[in-house]
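I have placed the structure first, in the form of C-alpha cells, so that the comments after it can refer back to it.
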2 protein chains.
Amino acid sequence: MGFAETFKALSDPVRREILTLLKQKALSAGEIGGHFNMTGATISYHLNILKKAGLLHESREKNFIYYQLNTSVVEEVMLWLSDLKGDA
Amino acid sequence: MGFAETFKALSDPVRREILTLLKQKALSAGEIGGHFNMTGATISYHLNILKKAGLLHESREKNFIYYQLNTSVVEEVMLWLSDLKGDA
DNA sequence: ATAGTATTTAGAAAAAATTCTAAATAGATA
DNA sequence: TATCTATTTAGAATTTTTTCTAAATACTAT
C-alpha cells in the first residue's frame with residue numbers, strides 16, 4: 001500500500017485512462033471494459049492493481065460492482081511529488 | 001516526453017530514490033551509483049530513463065556529468081494528478 | 001433450484017523491464 | 001600521445017508485466 005504500488009499502478013496508460021473515466025462517475029467493470037479493446041479478464045487485472053494501490057473505491061449494487069476514484073491516495077502522491085519538488 | 005514516459009520513470013523505486021538524492025544538490029553518475037548496490041551500467045540505464053522522461057538536467061564539468069532534478073516536469077505530473085482529482 | 005449475467009481467477013504465452021559482464025566512448029592529465 | 005577515470009553502450013540472462021482463453025465464482029431473477 002506504499003508509494004511503490006501506487007506509482008506502479010499509475011505507470012500504465014490503460015490504468016490511467018480507467019482512472020480518468022472514473023473521475024466523474026462510478027462505473028461497473030463491464031462499463032469500463034466497454035471503453036477498451038480488451039477482454040474482461042484483462043480489465044479485471046488492471047482494476048485489481050488499481051485497487052491494491054488504494055486508488056479505487058468499490059461498491060456493490062445488484063449484480064454489478066461499481067468502481068470509483070479514491071482521491072485521497074491521489075493527494076498522497078501529489079504530496080510526495082510536492083516534497084520532491086522542494087515544497088516540503 | 002509525454003506522461004507515459006514520466007509515470008513509467010517514476011514507477012521504479014531505484015529511480016525515485018535517485019530523484020530524492022538529486023532533490024538537494026547535483027550529483028555525478030558515480031556519486032549516485034555510490035548510494036546503490038548496483039553496477040554503474042545499471043545506474044546509467046536508470047539515469048537514461050529519467051533523462052528521457054525529462055526529469056533530469058545534466059551539466060558536464062571536467063570528467064564528470066552532474067545530474068539534477070528538473071522540477072518543472074514534476075510540476076506537470078502534479079497538474080495531471082490535480083486534474084484527475086477534480087481540481088481542474 | 002435453474003438459468004443468466006457480471007466479474008474474477010488460473011494458467012500460459014508474449015512483451016517489456018531490470019540487471020549483469022564486457023567492451024566502447026569521452027574527456028582529463030601526465 | 002598514452003594513460004587513467006567516468007560514463008555509456010551492447011548483448012544476454014532473469015524477472016516482471018500484460019494479455020489472452022477457459023474455467024470458476026457470485027449474485028439475480030425466474
Side-chain angles (χ1 to χ4, degrees), chain A residues 1-22 25-70 73 77, chain B residues 1-22 25-70 73 77:
Chain A
M1 254 231 236
F3 286 114
E5 270 163 315
T6 309
F7 275 112
K8 273 280 182 203
L10 287 167
S11 74
D12 184 85
V14 171
R15 291 193 291 268
R16 284 198 303 279
E17 197 168 341
I18 289 176
L19 293 178
T20 299
L21 286 173
L22 299 179
K25 57 170 175 284
L27 297 174
S28 69
E31 288 171 320
I32 294 168
H35 286 80
F36 298 91
N37 195 14
M38 294 174 162
T39 65
T42 298
I43 296 299
S44 185
Y45 161 79
H46 285 299
L47 288 175
N48 188 245
I49 288 178
L50 289 168
K51 213 176 347 178
K52 281 191 201 153
L55 284 161
L56 296 186
H57 249 327
E58 76 180 67
S59 61
R60 294 166 176 269
E61 197 174 326
K62 286 193 175 182
N63 214 3
F64 304 86
I65 303 177
Y66 285 95
Y67 291 96
Q68 196 161 11
L69 177 62
N70 179 11
V73 171
V77 176
Chain B
M1 254 234 239
F3 286 114
E5 269 163 315
T6 309
F7 274 112
K8 272 283 182 200
L10 288 167
S11 73
D12 183 85
V14 170
R15 291 193 291 267
R16 284 198 304 279
E17 197 168 340
I18 289 176
L19 293 178
T20 300
L21 285 172
L22 298 178
K25 56 170 175 286
L27 296 176
S28 69
E31 287 171 318
I32 293 168
H35 286 80
F36 298 92
N37 195 14
M38 295 174 161
T39 66
T42 298
I43 295 298
S44 184
Y45 162 78
H46 284 299
L47 288 174
N48 188 246
I49 287 178
L50 289 168
K51 213 176 345 180
K52 279 191 202 154
L55 284 161
L56 295 186
H57 248 327
E58 75 180 67
S59 61
R60 295 168 176 267
E61 198 175 325
K62 284 195 178 182
N63 215 3
F64 303 85
I65 302 176
Y66 286 94
Y67 291 96
Q68 195 160 13
L69 177 63
N70 178 11
V73 171
V77 176

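Computed over heavy atoms, backbone and side chain alike; hydrogens, waters and symmetry mates excluded.
- With rounding to whole Å, B:Leu47 atom CG is found 17 Å from C:dA17 atom P.
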- Task: Decide side-chain contact (heavy atoms from CB on, under 4.5 Å) for A:Leu22 and A:Leu55; before the verdict, give the C-alpha distance in whole Å, the side-chain angles of both, and the deciding distance to 0.1 Å.
- Result: CA-CA 10 Å; A:Leu22 299 179; A:Leu55 284 161; over 6 Å; no
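- Of the candidates C:dT18, D:dT19, C:dA28, the closest approach to any side-chain atom of B:Ile49 belongs to C:dT18.
- With rounding to whole Å, A:Glu61 atom CD is found 16 Å from D:dA29 atom C1'.
- For A:Arg60 and D:dT25, the CZ to C1' distance is 11 Å, given to the nearest whole Å.
- Remark: B:Ser28 is not in phosphate contact with D:dA6, judged by side-chain N or O atoms under 4.0 Å from OP1 or OP2.
- The closest donor-acceptor contact from the side chain of B:Ser44 to the backbone of B:Gly40 lies at 3.5 Å or more, if one exists at all.
- When heavy atoms are screened at a 4.0 angstrom cut-off, B:Gly40 is found touching base atoms of the nucleic acid.
- With distances taken from any side-chain atom of B:His46 to the nucleotides D:dT8, C:dT18, D:dA6, the minimum falls on C:dT18.
- For the pair A:Arg16 (side chain) and A:Leu10 (backbone), a donor-acceptor distance under 3.5 Å is present.
- Straight-line distance from the OH atom of A:Tyr66 to the C1' atom of D:dC27: 14 Å, rounded to whole Å.
- Residue B:Phe7 contributes atom CZ, which lies 19 Å from atom C1' of C:dA16 at whole-angstrom precision.
- Across all their heavy atoms, B:Val73 and B:Gly54 have their closest contact at CG2-O, 3.2 Å.
- For A:Gly30 and A:Lys8, each mapped to the nucleotide of DNA chain C holding its nearest heavy atom, the one lying further toward the 5' end belongs to A:Gly30.
- Dashed line: the shortest gap from a side-chain N or O of A:Thr39 to OP1 or OP2 of D:dC20 is under 4.0 Å.
- OP1 or OP2 of D:dT8 sits under 4.0 Å from a side-chain N or O of B:Tyr67.
- Rounded to whole angstrom, the span from the CZ atom of B:Phe36 across to the C1' atom of C:dT18 amounts to 14 Å.
- You'll find that the side chain of A:Asn63 is closest to D:dA26, out of C:dT18, D:dT19, D:dA26.
- Toward the 5′ end of DNA chain C lies the nearest nucleotide of A:Phe64, the other residue of the pair B:Arg15 and A:Phe64 mapping further downstream.
- Among the heavy atoms of the strands lying under 4.0 Å from A:Ala41 is at least one base atom, whether or not backbone atoms are also near.
- In this structure, A:Tyr45 atom OH and D:dT21 atom C1' are separated by 17 Å, rounded to whole Å.
- Side-chain nitrogen and oxygen atoms of B:Thr42 include at least one within less than 4.0 Å of the OP1 or OP2 phosphate oxygen of C:dC20.
- At least one side-chain heavy atom of B:Glu31 sits less than 4.5 Å from a side-chain heavy atom of B:Tyr66.
- When rounded to the nearest whole Å, the span between CD1 of A:Ile32 and C1' of C:dT8 equals 14 Å.
- Within the nucleic acid shown, B:Asp12 comes within 4.0 Å of sugar-phosphate atoms alone, with no base atom in reach, counting heavy atoms only.
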